[in-house]
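What you see is a predicted model, and the numbers here were worked out from it, not measured in a lab.
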Amino acid sequence: EVAGMGEYHGLFATTENTSFDNVHFRALTDQPRIGIVGDSISTVRDGDYYWTRLLERDYATQIVSAAVSGANIVTHMGAQCTALAGQNLARVVVLLGINDTSTAGLEAAYLAGLQTLVAAYGAANVIALGITPTSSQNARRVANNPLIASACATAGVTYVATDVATDGWLDPATDTSDGVHPNAVGAPKLLAQVLTQVRA
């Protein structure tokens, strides 16, 4: 039992799910395995508006997700990273921070989580994205992304800048369902950002 683990999915699962608490397991094959640290933007659910599901479905990739809706960096990142550290992953993608309402302790918590992943998989195999563009939480994005980037620099982890002001790749007005969560238009755009790094 892994406390705080969100979902454990395999594209070519061969057995039924076994569930207890909030942990869901499937038997996995030898397809590439990518771990996810995150919140509701990165949970694994059926539907084209979840980038993690598109990654799993369209690229023969197994997702091992610790993402939980409502998670934040200060309270949840450490547990998520610890849960993934022993999962034998090819890459780990971190997308977390939109639910952190304060910057107090944020950079230290993010760095500690990254260091757990780096110790398990090496810095080259850990990818962190900044908070994606939103129409309702811009203050958090502006405050938190520099701290996330700083933690990545300290840990030697690739930081993917996601600010709309720098590249305009995701438009909250058309690419999200509620100003925050990517919709069927935005999810493939987010996945494209992830794939650029995963394939590097």
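In this structure, L95 and V194 have side chains that are not in contact, with every pair of non-hydrogen atoms separated by 4.5 Å or more. Side-chain contact between W51 and V93 is present, with at least one heavy-atom pair separated by less than 4.5 Å. A heavy-atom distance below 4.5 Å is found between the side chains of L55 and I63. By the 4.5 Å heavy-atom criterion applied to side chains, N144 and Y110 are not counted as neighbours. Proximity of S65 to T43: side-chain heavy atoms (C-beta onward) are nowhere separated by under 4.5 Å. Taking 4.5 Å as the limit, some side-chain heavy atom of L129 sits within range of a side-chain heavy atom of L190. H181 places none of its side-chain heavy atoms less than 4.5 Å from the side chain of T176.
Here L96 contributes atom CG and H76 contributes atom NE2; the two are 9.0 Å apart, rounded to the nearest 0.5 Å. Taking CG of L114 as the start and CE of M77 as the end, the distance is 4.0 Å to the nearest 0.5 Å. Atoms OG and CD1, on S40 and I98 in that order, are 9.0 Å from each other to the nearest 0.5 Å. One finds the CD1 atom of I148 at 8.0 Å from the OG1 atom of T162 (value rounded to the nearest 0.5 Å). To the nearest 0.5 Å, atoms CD (E56) and OG1 (T61) are separated by 8.5 Å. With values rounded to the nearest 0.5 angstrom, D100 atom CG is found 7.0 Å from T75 atom OG1.
Pairing each heavy atom of V180 with each of S136, the nearest pair is CG2-OG, 3.4 Å. The nearest pair of heavy atoms linking A187 to P182 is N-CB, 3.7 Å. Closest of all the heavy-atom pairs between V160 and Q193 is CG1-OE1, 4.0 Å. Annotation for G38 and A71: closest pair O-CB, 3.6 Å, computed over non-hydrogen atoms. The two residues Q80 and A66 make their nearest non-hydrogen contact at CD-O, 3.1 Å. Nearest heavy atoms, K189 versus D175: NZ-OD2, 2.9 Å.
Note on I41 and L54: same hydrophobic cluster, where clusters join Ile, Leu, Val, Met, Phe, Trp and Tyr whose side-chain heavy atoms are under 4.5 Å apart, directly or indirectly. Note on V118: it does not cluster hydrophobically with L111, by side-chain heavy-atom contacts below 4.5 Å among ILVMFWY residues.
Remark: the T158 side chain and the Q197 side chain contain no N/O donor-acceptor pair separated by less than 3.5 Å.
With hydrogens and angles disregarded, no donor-acceptor distance shorter than 3.5 Å links the side chain of Y121 to the backbone of T116.
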